[in-house]
Amino acid sequence: MNIFFDKYLIFSILPPLIITIVKFDKTANFTYQSYLHSIRYSPHDIDKIQIAELLSYYKGHVNLFNEVVPLFFVIDYTRMRYLFFSESSKQVMGYDAMQLLQDGLGLTMDLMQKDYWKTYNTKIFPAVAQFLNKHPLHEHQNLNFSFNAHLKCANKKWINLLQNSRYITSQTTGLPLYCLGMVIDITSFKADNFMNYKVEWINKQTGQIKPLDQKRFYVFDEDKLLTTKEKLVLNHIADGLSSKMIAAKLKISENTIDNHRQNMLNKTETNNVAQLVAFGIRNGII
């Protein structure tokens with residue numbers, strides 16, 4: 001194994017990779033961990049030029065951060081290991097890059113707060129896989145996925161990190177083979193307990209960004225409970241009232257009603273009003 005050092009990167013060059021065909025499972029059984037344990041080796045060549053291009057893309061953004069230090073990494077899912085960690089990991093997490101390379105995914109899984117890890121394992125990564133599975137392979141290189149999580153540093157302090165990831169995917173299944181990511185500490189900017197998941201299409205030539213998908217996941221069960229006002233709004237929705245009518249009835253703004261509706265959709269993980277009303281009926285709210 002050859003390891004190259006520069007100001008920002010430690011990168012391991014491995015032999016050509018071989019993987020099996022792993023199909024996306026739409027059931028609740030598809031998780032990050034199940035995917036890692038299901039992917040295996042078989043004849044398959046990986047485009048190392050594409051890897052180098054994505055690494056260059058992230059390195060090109062280093063100077064854009066004046067107040068925060070970006071951390072860069074590469075995950076090889078077929079080998080369940082990191083291929084690359086930037087030396088800035090010492091500043092961001094307190095861990096030496098070589099230690100993270102050696103200890104692998106197990107260490108970073110253990111460092112993530114358990115409820116955030118559960119949400120990433122069962123919600124965030126499956127959402128990534130499903131989105132990739134639904135979109136043409138030629139579009140994957142332009143997709144940027146982001147989410148935030150709580151991580152414990154070497155000094156035992158918790159920090160809130162924002163991770164941006166791009167994926168190199170299988171030509172057969174469309175599922176991730178590599179994850180190339182950039183992480184920044186956003187503790188001073190974000191203090192709530194939500195995991196915000198976002199997908200954007202990025203034009204590599206112009207830098208144009210187009211939002212494609214966005215979800216908010218409530219990490220702790222108590223945050224998923226509907227408030228008294230939200231339950232009241234939900235009952236009015238079930239009665240067929242419009243946002244304008246509900247706003248007039250409750251003497252609040254229409255925008256506030258829309259915010260209540262969106263919060264309820266996020267908390268109940270439903271996609272539309274019909275599903276939200278059905279949730280309310282099932283749970284005795286309506």
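Checking Asn255 against Ser253 by side-chain atom types alone, no donor-acceptor pair falls below 3.5 Å. Under the 3.5 Å distance criterion, with hydrogens and angles disregarded, a donor-acceptor pair is assigned to the side chains of Gln163 and Ser165. With 3.5 Å as the limit, one finds no donor-acceptor pair spanning the side chains of Gln262 and Asp258.
Across all non-hydrogen atoms, the minimal contact from His135 to His140 is O-NE2, 3.0 Å. Closest approach of Leu241 to Ile246, counting heavy atoms only: CB-CG1, 3.6 Å. Smallest separation of non-hydrogen atoms from Lys90 and Asp96: CD-N, 4.0 Å. The two residues Glu254 and Ser243 have their closest heavy-atom pair at CG-CB, 3.8 Å. Heavy atoms only, all atoms of each residue included: His260 and Glu230 are closest at ND1-CG, 3.7 Å. Closest approach of Ala97 to Ser86, counting heavy atoms only: CB-O, 3.6 Å.
Side-chain atoms of Tyr197 and Val199, non-hydrogen and from C-beta on, do get closer than 4.5 Å to each other. Taking 4.5 Å as the limit, every side-chain heavy atom of Leu175 sits out of range of all side-chain heavy atoms of Leu132. Within the 4.5 Å cutoff, no side-chain heavy atoms of Thr228 are placed close to those of Leu232. Residues Leu250 and Lys229 meet the side-chain proximity criterion, which asks for heavy atoms closer than 4.5 Å. Counting only heavy atoms from C-beta outward, the side chains of Ile257 and Val233 approach each other to under 4.5 Å. Side-chain atoms of Phe125 and Thr31, non-hydrogen and from C-beta on, never get closer than 4.5 Å to each other. Inter-residue side-chain proximity for Phe85 and Tyr95 is flagged as unmet; no heavy-atom pair is nearer than 4.5 Å.
Considering CG of Leu234 and CZ of Arg261, their distance stands at 10.0 Å, rounded to 0.5 Å. Between the CG atom in Asn121 and the CD atom in Gln33 there is a gap of 4.5 Å [rounded to 0.5 Å]. Atom CG in Asp76 sits 11.0 Å away from atom SG in Cys179 (nearest 0.5 Å). Taking OH of Tyr32 as the reference point, atom NE2 of His37 lies at 10.0 Å (rounded to 0.5 Å). The CD1 atom of Ile237 lies 8.5 Å from the CD1 atom of Ile286; values are rounded to the nearest 0.5 Å. Here the CZ atom belonging to Phe145 is positioned 10.0 Å from the CZ atom belonging to Arg166, to the nearest 0.5 angstrom.
Residues Tyr120 and Phe194 fall into different hydrophobic clusters, defined by Ile, Leu, Val, Met, Phe, Trp and Tyr side chains chained together at heavy-atom separations under 4.5 Å. Leu225 is not connected to Ile281 by any chain of hydrophobic side-chain contacts under 4.5 Å among Ile, Leu, Val, Met, Phe, Trp and Tyr, and they are in different clusters. Clustering ILVMFWY residues whenever any of their side-chain heavy atoms sit less than 4.5 angstrom apart, transitively, puts Val92 in a cluster other than the one holding Trp158. Leu137 and Leu180 are assigned to two separate hydrophobic clusters, defined by single-linkage of ILVMFWY side chains at heavy-atom distances under 4.5 Å. Under a hydrophobic clustering in which Ile, Leu, Val, Met, Phe, Trp and Tyr are joined whenever their side-chain heavy atoms come within less than 4.5 Å, directly or via other members, Phe131 and Trp201 fall into the same cluster.
In this structure a side-chain-to-backbone donor-acceptor pair under 3.5 Å is present from Asn283 to Phe279. No donor-acceptor pair under 3.5 Å is formed between the side chain of Ser88 and the backbone N or O of Gln91. Judged purely by atom type and a 3.5 angstrom limit, Thr270 has no side-chain atom pairing as donor or acceptor with the backbone of Gln275. Panel note: side chain Asn148, backbone Leu161; no donor-acceptor pair is recorded below 3.5 Å. Looking at Tyr35, its side chain does come within 3.5 Å of a backbone N or O of Pro176 through a donor-acceptor pair. Proximity of a side-chain donor or acceptor of Thr187 to a complementary backbone N or O of Ile159 within less than 3.5 Å is not detected.
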Show me the donor-acceptor pairs within less than 3.5 Å that the side chains of residues 98-114 make with the rest of the protein, sequence neighbours left out.
| residue | atom | partner | partner atom | Å |
| --- | --- | --- | --- | --- |
| Thr108 | OG1 | Tyr82 | OH | 2.8 |
| Thr108 | OG1 | Leu105 | O | 3.1 |
| Gln113 | OE1 | Asp115 | N | 2.8 |
| Gln113 | OE1 | Tyr116 | N | 3.1 |
| Gln113 | NE2 | Asp115 | OD2 | 3.0 |

Only distances under 3.5 Å count here; give the side-chain donor-acceptor pairs of residues 209-223 to other protein atoms, sequence neighbours excluded, each with its distance to 0.1 Å.
| residue | atom | partner | partner atom | Å |
| --- | --- | --- | --- | --- |
| Asp213 | OD2 | Lys215 | NZ | 3.0 |
| Arg216 | NE | Asn196 | OD1 | 3.4 |

> Do Asn142 and Asn203 pass the side-chain contact (heavy atoms from CB on, under 4.5 Å) test, and can you show the C-alpha distance, the side-chain angles, and the key distance before you say yes or no?
Replying inline: CA-CA 6 Å; Asn142 294 99; Asn203 187 312; 5.6 Å; no
> Hey, mind stepping through Phe147 and Thr119 against side-chain contact (heavy atoms from CB on, under 4.5 Å) and telling me if it holds?
Replying inline: CA-CA 11 Å; Phe147 70 93; Thr119 304; over 6 Å; no
>> Run Leu177 and Tyr77 through side-chain contact (heavy atoms from CB on, under 4.5 Å) and show every step you take.
In response: CA-CA 5 Å; Leu177 301 178; Tyr77 291 122; 5.7 Å; no
>> The test is side-chain contact (heavy atoms from CB on, under 4.5 Å); show your working for Asp185 and Val69 and say whether it passes.
In response: CA-CA 8 Å; Asp185 183 354; Val69 178; over 6 Å; no
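Taking the salt bridge (charged side-chain N to carboxylate O under 4.0 Å, His left out) definition, one finds that Lys123 meets it with Glu269, sequence neighbours left out.
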